[in-house]
Chemist: 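For reference, the structure I am asking about is given below.
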There are 2 protein chains.
Amino acid sequence: MHGYDKHAFEPFAVTVDLAVLTLRAGALHVLLVERGQEPYAGRWALPGGFLLPAESAETAARRELAEETGLADVTGLHLEQLRTYSEPDRDPRMRVVSVAFAALLPDPPEPHGGGDAAEARWVPYDEARGLAFDHDRILADARDRVGAKLEYTCLATAFCPAEFTLGELQQVYETVWGTALDRPNFRRKVLATPGFVEPVPGAARLTGGRGKPAAVYRAGAAATLHPPLLRTPREGRPA
Amino acid sequence: MHGYDKHAFEPFAVTVDLAVLTLRAGALHVLLVERGQEPYAGRWALPGGFLLPAESAETAARRELAEETGLADVTGLHLEQLRTYSEPDRDPRMRVVSVAFAALLPDPPEPHGGGDAAEARWVPYDEARGLAFDHDRILADARDRVGAKLEYTCLATAFCPAEFTLGELQQVYETVWGTALDRPNFRRKVLATPGFVEPVPGAARLTGGRGKPAAVYRAGAAATLHPPLLRTPREGRPA
DNA sequence: CCTTTTATAGTCGCAATGACTATTAAGGGG
DNA sequence: CCCCTTAATAGTCATTGCGACTATAAAAGG
C-alpha cells in the first residue's frame, strides 16, 4: 500500500520533542521552555521544533538539543528515540506528528541555554506538571523508559561526567528509581559486570569533603548488563 | 520552539509500516506484499500505508493490519510501536516519515488477506531480504525488539492461540531466539512466574500424536516477568 | 585523640537456575 | 499384546546471584 496514487494523503507537520534529563542536587530535572504564544501561551513545554526539509528526526533532535541547552558540543550526549505521538487532536491548530526523544546529560551544564528560546529552565521532574500539549505524557514516558533501561543497559553512565565515583553512579539509580540501594551490594554488582565501568588508575576523589576518598571510574565498553541490575520487584503488578 | 511563525515548516507524508510476525512450522514468518509500482516495483515490502486525516498512527496501523491479513477481528492482536524512520532519502520520490509497528499473530490465519493488496504472502524471516525502502532494517529492528521483550515481558503468549501448551510457548522462545531451551527448566520458570500462564482446568491436548498429552494453559494477567527469563548471555558484547 | 563520615572488604544464607535423571502417558510396530 | 519410541512432567544437585549485614580503612572536624 505504498502506492501514492491509490490513496490521497494528507500532509502533516512533523516535529521533534525532547525530554532532556539531568541529575541536579540529587533530583531528576528536565529542561523546559516557556511558550510565548498560543496555544498554551505562558505554559511550560518540552523543547522541540519542526523538522527541516533535509533532516532526519535524529538530526533535528540533536540540533534542538544544542540550541536549547546552549552547549557547544552535544555529540557525546545520549540521545534516544522514545516513540511518536500522533493523536489527531494533540495540537489544537493542525495535525502535528511528533517524534519524541530522551536526552541524558551529566549534571547541569548551564542554568539555561541561549539561542532563540524564549526561556529555558531546569525544572525538578516532580514539579514539571501541566505542560503544554501532551508533554506530560511524553515526559512520563521518558522517565519510565530511562528507569527501565537502567536495569539492563549501561545507560546510567550517560548521567555522569567522564570520570565518576561508584557513589555517584549509585545516586543515578537511586534518583531515577526513587529507591535506596545497598552500597556494598551495588558496588559488587557493578564491578562484577565486565565492561560496565573501568577504573582510572591513580585517581581518587574526595566526594564531599568528609570521608574516605573514592576511587574514580569511567564508562566501559559494554552497552548492556548481563545479568541485569533489577529493581526490587514491587508487589503484584497485574497490568 | 513550537511557534509556527518562527520557522517555516515542510509538510511531510506520514505512513505506517508493519512488521507482522507469526510462527509457522517452527519458523518465524513475516507478512510481505509485492510492490506493483515504482519505486521498487516487483520487490517485496512490509505492508503499510498513509495516515488518514483523522487517524493516529496506532489507528492506521490496526486498520492496515486488518486489511492486509484479511482477518475480521484484529482487536486482540498485539500491536506495538517500534520507532519512526525519517531519513530524508528513505523514499526516492519525496519526504516520507514512517512510523513502524510490530504486530504478533498466533499461527498463520490465512495464506494472505484480501483487500486491495496486490499480493500478500507469509515469508520465512530468513528469506525476507532485499525488501523495498529501508524495510530490511525495520524488519531486523522488529525482530530484535521482540526477542528482547520476550526476556522481561509476557509477550510470547501473543504468538500463541487462546489456549496453548507449555511446549508451544517454549517453541516461541526457541524460534525467536534461535536457541534451544531445557524443557523442565523452562516449565519450572514459567509456572513459578505468577500471572504468566494459568491452567485450563480439565484440558489436555495431544501435541503431535505421539507422546504424553500436554496440559493446556491460557495467558495470565501479568504483563512483565519478574525476574526475567534471560537468554544465555552470549560472550562479550562490547557494543 | 576521638568522633563522624564515607568508601571498601568480606560473610552468611536464601532463591534462582543450569545440568541432569527419573517417571508417566500416549502411539506404533512387530 | 508387549515392547519401543516419543513427549510431558517430576524431581535432584550444585553453583551463582544477590539481599542483608558486619567489619575495616581513610579522610575531616572538634
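A note on names: the letters A, B, ... follow the listed sequences, proteins ahead of strands, and every chain is numbered from 1.
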Chemist: Identify the heavy atoms of A:L230 and A:W177 that sit nearest to each other, and give their distance.
Modeler: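 Minimum heavy-atom separation between A:L230 and A:W177: C-CH2, 4.3 Å.
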
Chemist: Stepwise, does the side-chain contact (heavy atoms from CB on, under 4.5 Å) test hold for B:W122 with B:L105?
Modeler: CA-CA 12 Å; B:W122 290 106; B:L105 306 193; 3.7 Å; yes

Chemist: For a 4.5 angstrom cut-off between non-hydrogen side-chain atoms, does B:L77 reach B:L79?
Modeler: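 A side-chain contact is absent here, since even the closest heavy-atom pair is not under 4.5 Å.
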
Chemist: Calculate the interatomic distance between A:L181 atom CG and D:dC21 atom C1'; express it in whole Å.
Modeler: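 It is 16 Å, rounded to the nearest whole Å.
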
Chemist: Could you tell me how far apart A:L229 (CG) and D:dC18 (P) are, to the nearest whole angstrom?
Modeler: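 Nearest whole value for this atom pair: 7 Å.
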
Chemist: Over how many whole Å does the gap from B:F186 atom CZ to D:dA8 atom C1' extend?
Modeler: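 Atom CZ in B:F186 sits about 14 Å away from atom C1' in D:dA8.
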
Chemist: Hey, does B:R183 reach any base, or is it just sugar-phosphate, or nothing, if we go heavy atoms under 4.0 Å?
Modeler: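 Counting heavy atoms under 4.0 Å across all strands, the contact made by B:R183 includes a base.
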
Chemist: Once you measure the plane-to-plane angle for A:F133 and A:H135, does it fall in the parallel (<30°), tilted (30-60°) or perpendicular (>60°) bin?
Modeler: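 Tilted.
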
Chemist: Summarise protein proximity over nucleotides 19-27 of chain C in one line of letters, 5' to 3': B for base, S for sugar-phosphate only, - for none, counting protein heavy atoms closer than 4.0 Å.
Modeler: BB---BBBS

Chemist: Identify the heavy atoms of B:D136 and B:G130 that sit nearest to each other, and give their distance.
Modeler: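 Heavy atoms of B:D136 and B:G130 come nearest at OD2-N, 3.1 Å.
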
Chemist: Any idea which heavy atoms bring B:A57 and B:V16 closest together, and the distance?
Modeler: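 Minimum heavy-atom separation between B:A57 and B:V16: O-CG1, 3.6 Å.
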
Chemist: Check the distance between D:dG17's P and B:L230's CG and give it to me in whole angstrom.
Modeler: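 My rounded result for the distance is 12 Å.
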
Chemist: For the residue pair A:A128 and A:V30, what are the closest heavy atoms and their distance?
Modeler: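 Minimum heavy-atom separation between A:A128 and A:V30: CB-CG1, 3.8 Å.
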
Chemist: When the distance from CZ of B:R187 to P of D:dG11 is rounded to whole Å, what number comes out?
Modeler: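 Rounding to the nearest Å, CZ of B:R187 and P of D:dG11 are 11 Å apart.
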
Chemist: Roughly, in whole Å, what's the span from NE2 in B:H226 to P in D:dC18?
Modeler: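 To the nearest whole Å, that distance equals 14 Å.
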
Chemist: Can a side chain N or O of A:K189 be found less than 4.0 Å away from OP1 or OP2 on D:dC18?
Modeler: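 Yes, A:K189 has a side-chain N/O under 4.0 Å of OP1/OP2 on D:dC18.
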
Chemist: Any donor-acceptor pair under 3.5 Å linking the side-chain atoms of A:D17 with those of A:Y85?
Modeler: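 On atom types as modelled, these side chains do not qualify, holding no pair under 3.5 Å.
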
Chemist: Give A:A215 one of three labels, base, sugar-phosphate or nothing, depending on what nucleic acid heavy atoms sit under 4.0 Å from its own.
Modeler: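 Sugar-phosphate: the residue A:A215, judged by heavy atoms under 4.0 Å, touches backbone atoms but no base.
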
Chemist: Using a cut-off of strictly less than 4.0 Å between a heavy atom of the residue and any atom of DNA chain D, enumerate the qualifying residues of residues 159-180 of chain A by number.
Modeler: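 Correct list: empty, so none.
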
Chemist: Is there a donor-acceptor pair closer than 3.5 Å between any side-chain N or O of A:D182 and the backbone N or O of A:N185?
Modeler: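 Checking the backbone N and O of A:N185 against the side chain of A:D182, a donor-acceptor pair under 3.5 Å is found.
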
